[in-house]
Amino acid sequence: MKTMGVIAFFVCSAAITAGQQADQLYRAHCADCHGARFQGGSAQSLVDGIWQFGDSQEAVAKSIREGIDHLGMPDYGDELTEEQISDLTRFLLDSEKKALEQRSRIPDTLKTLDYEIDVEIFAEGLEVPWSLAFMDEKTALVTERPGRLRIIQHGKLDPDPVRDTPEVIAEGQGGLLAVAFDPDYTEEGNQWIYLAYSHGLDPEPNGKRPGAMTRLVRGRINGNKWTDEQVVFEAPHDAYRTTRHHYGTRIVFDPDKVLYFAIGDRGQGSDAQNLSKPNGKIHRILSDGTIPKDNPFRLKKDVMDSIYACGVRNPQGLAIHPVTGQLWESDHGPKGGDEINLIQPGKNYGWPIITYGRNYNDTPITDIVRKEG
């Protein structure tokens, strides 16, 4: 019994020492940018459930070891030992898990400056729910970013996801994203449902990470199975990128039943100004994927004719004004650079040439906030 007690004592001491060391490493190397409580600062939060370059032990360790140049994160491979990088990685992932667990309690009310909002749980037990589409007050579809499409009926979540939905690249900010009902969807009507997701190419023979891009399909649900799938939008494969963030996307229909969706810049800001590239754009198509005759760039040389507007960074919100029919967009900008835009045909919304934002490490992107055109 004494021997067992001694073994337990030493195991416990080693664990405490490793934890203390990881905490010290974090404070010394990470806290200035990511915040003393992991909440974010000049760099992103580490406890929000989003890891742009993968959330596995190996992926996080690689980011620490090699750095992320375009985000201003230095590499620590020469400064920290592999054991220290491993300890720090475990510490970060454990801290995120604890923070998410603490945040899981749902309050009864939310208070704003002007009023209180009563909170009622509509569905629970979901993993990273990304988009919600209502057919009526009690029936909805919800996407889970890891790749599942779920049905909520009469306020109850079906425990079984819809089968045979598209395969997604569920890495970083990618996965199964937007869902929308066709404007003419009824039980007796066309029953089309639209999905947008991060579509990946086949792995390359050399083991290089495959490219990915936002893709749009439509299909029907029959007996809890995804059927009749049709590709509505797929970008040229040479435009696909190996990054795993800034997919953008929402799906909305205007009063004329024309479909709008958005693709983020995929981490390459300059592409948002390139009209031959799909990323960093708001797109406009008909429900079957064909191009409306009044699209602003239709039939122009070396231009994607689905493009409706350009110069956006990571547009994850689209909405049609219920009275005016105008299209509004929310754009996730860099630090201090979020935007709300009224989207108009052929307009350029500036990214990355004009922005009020800065890089997450506080370095400037541009000092231009207005520019002709």
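Reckoned from all heavy atoms, side chains included, excluding hydrogens, waters and symmetry mates.
- With respect to the salt-bridge test (charged N to carboxylate O, under 4.0 angstrom), the residues D362 and K335 qualify.
- No side-chain donor-acceptor contact under 3.5 Å links Y26 and H34.
- Heavy-atom contacts from other residues, nucleotides or ligands closer than 6.0 Å to CG of D288 number more than 12.
- With rounding to the nearest 0.5 Å, the separation of CG in L318 from CG in D254 is 12.0 Å.
- Residues T242 and R209 bring no donor and acceptor atom of their side chains to less than 3.5 Å of each other.
- Here L25 contributes atom CG and E79 contributes atom CD; the two are 9.5 Å apart, rounded to the nearest 0.5 Å.
- Although no hydrogens or angles enter the test, the distance criterion places a donor-acceptor pair under 3.5 Å between the side chain of K281 and the main chain of N274.
- Taking the six-membered ring where the residue is Trp, H70 and F53 present perpendicular rings, their angle passing 60° and hence far from 30°.
- Not a single donor-acceptor pair under 3.5 Å links the side chain of K156 to the backbone N or O of I152.
- The backbone N or O of L342 lies less than 3.5 Å from a partner atom in the side chain of Y349, making a donor-acceptor pair.
- In this pair, Y76 and H29 present their aromatic rings perpendicular. The plane angle is above 60°, beyond the 30 to 60° band.
- Minimum interatomic distance between P334 and G357 (heavy atoms only, all atoms of both residues): CG-CA, 3.8 Å.
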May I have the list of side-chain donor-acceptor pairs in residues 167-184 shorter than 3.5 Å, sequence neighbours left out?
residue, atom, partner, partner atom, Å
E171, OE1, R244, NE, 2.9
Q173, OE1, H246, N, 2.8
D182, OD1, D184, N, 2.8
D182, OD1, N190, ND2, 3.0
D182, OD2, Y194, OH, 2.8
D184, OD1, K257, NZ, 2.7
D184, OD2, K257, NZ, 3.4

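- Using modelled atom types and a 3.5 Å distance limit, the side chains of Q344 and Q326 yield no donor-acceptor pair.
- With ring centers used as reference points, H283 lies 6.0 Å or more from Y308.
- Exactly one of R148, R150, R145 qualifies for a salt bridge (Lys or Arg N to Asp or Glu O under 4.0 Å) with E127. That residue is R148.
- Around CG of D78, the count of heavy atoms belonging to other residues, nucleotides or ligands within 6.0 Å does not exceed 12.
- Side-chain contact check for D114 and T112: no donor-acceptor pair (N or O, by modelled atom type) lies under 3.5 Å.
- Note on V258 and W328: separate hydrophobic clusters, where clusters join Ile, Leu, Val, Met, Phe, Trp and Tyr whose side-chain heavy atoms are under 4.5 Å apart, directly or indirectly.
- Side-chain atoms of N279 and Q268 form no donor-acceptor pair, as typed in the model, at a separation below 3.5 Å.
- Under a 4.0 Å N-O distance rule, the pair R65/E82 qualifies as a salt bridge.
- Remark: side-chain polar atoms of D302 are not paired, donor with acceptor, to backbone N or O of S276 under 3.5 angstrom.
- Counting only distance, with no hydrogens or angles, the side chain of D75 and the backbone of I68 share no donor-acceptor pair below 3.5 Å.
- Judged purely by atom type and a 3.5 angstrom limit, N341 has no side-chain atom pairing as donor or acceptor with the backbone of E329.
- Looking only at distances, no side-chain donor or acceptor of Q191 sits under 3.5 Å from a matching main-chain atom of Y185.
- Checked by atom type, the side-chain pair W192/Q230 shows no donor-acceptor distance below 3.5 Å.
- Annotation: cation-pi pair R266/Y247 present, NZ/CZ under 6.0 Å from the ring centroid and within 45° of its normal.
- In this structure, CD1 in I263 is found 11.5 Å from OG in S198, a value given to the nearest 0.5 Å.
- No hydrogens or angles considered: a donor-acceptor pair under 3.5 Å links the side chains of D265 and W351.
- Annotation: D136, atom CG; neighbour count of heavy atoms from other residues, nucleotides and ligands within 6.0 Å is above 12.
- For the atom pair S306 OG and I285 CD1, the distance stands at 7.5 Å (nearest 0.5 Å).
- Side-chain heavy atoms closer than 4.5 Å link hydrophobic residues (I, L, V, M, F, W, Y) into clusters, and following such links, possibly through other members, connects F91 to L80.
- Between T363 and R358 the shortest heavy-atom distance is O-CB, 3.7 Å.
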